[in-house]
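Reckoned from all heavy atoms, side chains included, excluding hydrogens, waters and symmetry mates.
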Amino acid sequence: MAASGKSNQPDISLTNCGYSRVLELISDKWSALVIYALENGSDRYGEIRRRIEGISKKMLTQTLRKLERDGLVQRQMEPAIPPTVEYSLTPLGETLLQPMKELRQWVRVNNPHVEAARAKYDLTYGKDSQPAEH
């Protein structure tokens, strides 16, 4: 991303910004939760689903496929009767654990401040008000 200047051209682009590409990988709540569910090693589909409150079978399947496509999760089929499938983070997926742990810590420390700011804003402007454009 280029430094902001007096140019009329934007200096932040969805297609060129590395942050937006990373967020695209993990920003939906299910992807982050699946990564957290696999942070301690491989698990079977049913165990992952049991650990993640509220995730449907369809959403878990879609999320695992997306993460597998992105190279963050690997699927290992064990030849047995019936066949068993285990999912685990790839080495690339494991590189996300530290930054995600730091974000989790940030939330633990700062979520009370965020909630207080929201409550103050809602009292002042109403819960459904939209920010003014500049």
Is there a continuous path of hydrophobic side-chain contacts, each under 4.5 Å between heavy atoms, that joins Y87 to M77? yes
Counting C-beta onward and ignoring hydrogens, is there a side-chain heavy-atom pair between I35 and E39 closer than 4.5 Å? no
Do L103 and L72 land in one hydrophobic cluster if side-chain heavy atoms of ILVMFWY residues count as linked below 4.5 Å? no
Counting distance only, does the side-chain N/O of D28 pair as donor-acceptor with the main-chain N or O of W30 below 3.5 Å? yes
Might you point out which heavy atoms bring T90 and G71 nearest each other, and give the distance in Å? OG1-O, 2.6 Å
Is it the case that the side chain of N111 and the backbone of V107 share a donor-acceptor pair, with hydrogens and angles ignored and the cut-off at 3.5 Å? no
Do the side chains of Y45 and L60 get nearer than 4.5 Å, heavy atoms only? yes
For salt bridge (Lys or Arg N to Asp or Glu O under 4.0 Å), just list the numbers for R65 and E68, CA-CA rounded to whole Å, side-chain angles, deciding distance to a tenth of an Å, and then say yes or no. CA-CA 5 Å; R65 285 183 183 156; E68 186 176 7; over 6 Å; no
Could you state the interatomic distance from OG1 (T61) to NZ (K57), rounded to the nearest 0.5 Å? 9.0 Å
What is the distance from atom CG of L64 to atom CD of Q62, rounded to the nearest 0.5 Å? 10.5 Å
Salt bridge between R50 and E47, side-chain N to carboxylate O under 4.0 Å? yes
Looking at Y36, is R104 sitting on its ring face, NZ or CZ under 6.0 Å from the six-membered ring centre and within 45 degrees of the normal? yes
Is it true that, when you exclude E102 itself, more than 12 heavy atoms of the residues, nucleotides or ligands shown sit nearer than 6.0 Å to its CD? yes
What I'd like to find out is whether the side chain of L33 reaches to under 4.5 Å of the side chain of I55, using heavy atoms alone. no
Is L89 close to L67 at the side-chain level, that is, under 4.5 Å between some pair of heavy atoms? no
To the nearest 0.5 Å, atom CE of M100 lies from atom CH2 of W106 at 15.0 Å
Distance alone, cut at 3.5 Å: any donor-acceptor contact between the side chains of S88 and Q74? yes
Which atom names give the shortest non-hydrogen contact between D43 and A37, and what distance separates them? OD2-O, 4.1 Å
Any heavy-atom pair between the side chains of R44 and T84 that's under 4.5 Å? yes
Note: R49 and S56 closest approach over all heavy atoms is NE-C, 3.8 Å
Within the 4.5 Å heavy-atom criterion, are R75 and E86 side-chain neighbours or not? no
Are I52 and V85 co-members of a hydrophobic cluster defined by side-chain heavy atoms under 4.5 Å apart? yes
Is it true that E115 and R118 have a side-chain N and a carboxylate O under 4.0 angstrom from each other? yes
In short, K66 meets S31 closest at the heavy-atom pair NZ-OG, 3.5 Å
